[in-house]
Amino acid sequence: MLLPENKLKEKDITPKNFFIWGQSMSGKTYLARSFPNPLIINTDGNALKVDTPSIIIADFKEFVQIIKELEEVKHTFETIVIDLVDDIKLMLFKYVCDKYKVDDIGEVAYGKGYRDVNTIWQNIMIKLSQLPFNIIFISHIVEYTENNVTYEKPSLEQKYYNMCMGRCDINIKCRKVGNNFLQICESKRERYKDTDVKDKKILNILKGITGVIETEGQATLKKIK
């Protein structure tokens, strides 16, 4: 029987999917490593510089195989860090190009290559969000100018960033100012209060990120406004 009982249940909005972005050496991986029992799926070799368990991958098939093992094999990892998610997208493009035996995805007739990429990307985002782990996506930063004003945004291409963020609970920007490392909440799915986050390890981490946890007074004021 798949139907639940017809009664109210205790809600748990503890965030589990995170998007962390910022400049190089701004503390992105350091923050990700602070989550419980992390495994880093790494694409740029930087995981060799830390003692956190890691796997360095070179293609999309390896990435899919690791996700499958995480789902099916017994292990003690609680947090999966994808560093960098930008590279996973590039690997996916190459995977689809190899499938059709072309050098550029635009060579695949009738836009089928792009449709394959979008479908696979969307499916992998759904799969990751359904796993019983914390999922952390790490991305770099790019600048763009609009009306003579310079802004910053994640380097992951907008379409794939949107699909990724559709499954994330909190968007965190890392910055280094002088000798200080700042972690700032850019957006979040809920107005989180202490009592909302059931996992106390996660709560302690989130308390160190500006703008994530609201006090009762802050939540009330924002609601009134």
Side-chain angles (χ1 to χ4, degrees), residues 1-4 9-21 28-29 31-48 50-99 115-139 154 156-157 159-172 189-190 197-203 205-206:
M1 182 174 176
L2 299 178
L3 293 176
K9 60 184 181 64
E10 182 181 6
K11 69 176 184 178
D12 182 0
I13 59 172
T14 301
K16 63 181 291 288
N17 298 326
F18 306 85
F19 195 97
I20 300 175
W21 58 288
K28 303 185 297 298
T29 304
L31 173 59
R33 290 170 60 216
S34 70
F35 282 74
N37 291 312
L39 168 69
I40 301 177
I41 301 176
N42 183 241
T43 62
D44 61 6
N46 282 337
L48 295 173
V50 298
D51 59 3
T52 305
S54 63
I55 303 173
I56 298 177
I57 62 170
D59 60 51
F60 190 74
K61 286 183 179 179
E62 281 186 302
F63 178 69
V64 172
Q65 181 60 37
I66 291 167
I67 299 304
K68 184 177 180 181
E69 287 190 25
L70 285 167
E71 188 176 21
E72 298 177 354
V73 177
K74 186 175 180 180
H75 59 81
T76 57
F77 297 114
E78 298 179 66
T79 301
I80 310 305
V81 181
I82 301 172
D83 183 8
L84 294 154
V85 67
D86 310 58
D87 290 339
I88 300 299
K89 188 214 76 173
L90 293 176
M91 290 176 185
L92 173 55
F93 266 68
K94 186 178 185 307
Y95 168 80
V96 174
C97 284
D98 290 346
K99 172 184 173 182
R115 288 198 298 274
D116 281 5
V117 166
N118 292 342
T119 299
I120 295 171
W121 186 264
Q122 186 69 49
N123 288 341
I124 204 73
M125 291 299 115
I126 293 172
K127 169 62 71 177
L128 289 169
S129 69
Q130 293 175 341
L131 294 176
F133 316 118
N134 304 307
I135 304 295
I136 299 178
F137 302 97
I138 294 182
S139 180
L156 181 62
E157 189 178 340
K159 179 195 300 185
Y160 305 101
Y161 168 71
N162 289 343
M163 287 190 274
C164 185
M165 278 304 301
R167 298 286 165 175
C168 287
D169 300 304
I170 300 178
N171 179 329
I172 303 164
R189 191 173 296 279
E190 304 280 350
V197 183
K198 306 304 182 185
D199 187 318
K200 298 309 175 186
K201 293 179 182 178
I202 300 298
L203 176 60
I205 295 169
L206 298 182

*Atom of P36, atom of I205 and distance for their closest heavy-atom approach*: CD-CD1, 4.4 Å
_Non-hydrogen side-chain atoms of F63 and L92 separated by less than 4.5 Å_ = no
*Indicate the atoms forming the closest heavy-atom contact of I57 with M91, along with that distance.*
O-CE, 3.6 Å
_Given 3.5 Å as the limit, does a donor-acceptor pair link the side chain of T119 with the main chain of D116, or not?_
no
*Taking atom NZ of K9 as the centre, report whether more than 12 heavy atoms of other residues, nucleotides or ligands fall under 6.0 Å from it.*
no
_Atom NZ of K198 with >12 non-hydrogen neighbours under 6.0 angstrom_ = yes
*Supply the atom-to-atom distance F137 CZ to D86 CG, rounded to the nearest 0.5 angstrom.*
11.5 Å
*Is there a side-chain contact between Y160 and I88, using heavy atoms and a 4.5 Å cut-off?*
no
*With distance as the sole test, does W121 use its side chain to make a donor-acceptor pair with the main-chain N or O of M163 at under 3.5 Å?*
no
*Measure across P53 and P38 and return the closest heavy-atom pair with its distance rounded to 0.1 Å.*
CD-O, 3.8 Å
*Cation-aromatic face contact K99/Y95, 6.0 Å, 45 degrees*: no
*Non-hydrogen atoms of L156 and C164 that approach each other most closely*: CD2-CB, 4.5 Å
*Once you round to the nearest 0.5 Å, how far does CD1 of I55 lie from CD1 of I66?*
4.0 Å
*Please name the pair of heavy atoms, one in I135 and one in L128, separated by the smallest distance, quoted to 0.1 Å.*
CG1-O, 3.5 Å
*First locate atom CG of L31, then atom CD1 of I20, and finally report the distance between them rounded to the nearest 0.5 Å.*
4.0 Å
*Spell out, as yes or no, whether a donor-acceptor pair under 3.5 Å connects the side chain of D169 to the backbone of R189.*
no
*Check each of D51, D83, T79 against R33 using the side-chain hydrogen bond (donor to acceptor under 3.5 Å, both in side chains) test, and report the only one that passes.*
D51
*Would you check if F60 and I120 make a side-chain contact, meaning some heavy-atom pair closer than 4.5 Å?*
yes
_Minimum heavy-atom separation for N134 and P15, please, with both atom names._
OD1-O, 4.3 Å
*Go through N171 and Y161 one step at a time and tell me if the side chain to side chain donor-acceptor pair (under 3.5 Å) criterion holds.*
CA-CA 11 Å; N171 179 329; Y161 168 71; 2.6 Å; yes
*asked:* Would N118 and K159 count as a side chain to side chain contact (heavy atoms under 4.5 Å, CB included) here? Give the steps.
replied: CA-CA 9 Å; N118 292 342; K159 179 195 300 185; 3.5 Å; yes
*With under 30° as parallel and over 60° as perpendicular, where do the rings of H75 and F133 fit, or are they tilted in between?*
tilted
_Could you walk me through whether L90 and K94 satisfy the side chain to side chain contact (heavy atoms under 4.5 Å, CB included) test, starting with their C-alpha distance in whole Å, then the side-chain angles of each, then the deciding distance to 0.1 Å, before giving a yes or no?_
CA-CA 6 Å; L90 293 176; K94 186 178 185 307; over 6 Å; no
*Q122 versus R167: any side-chain heavy-atom pair under 4.5 Å?*
yes
_Checking side-chain contact (heavy atoms from CB on, under 4.5 Å) between L84 and each of N42, D44, T29, I41, which is the one that passes?_
D44
*Where do N37 and T76 land on the side chain to side chain contact (heavy atoms under 4.5 Å, CB included) test, with the steps shown first?*
CA-CA 7 Å; N37 291 312; T76 57; 5.6 Å; no
*Is a donor on one side and an acceptor on the other found under 3.5 Å between the side chain of K16 and the backbone of L131?*
yes
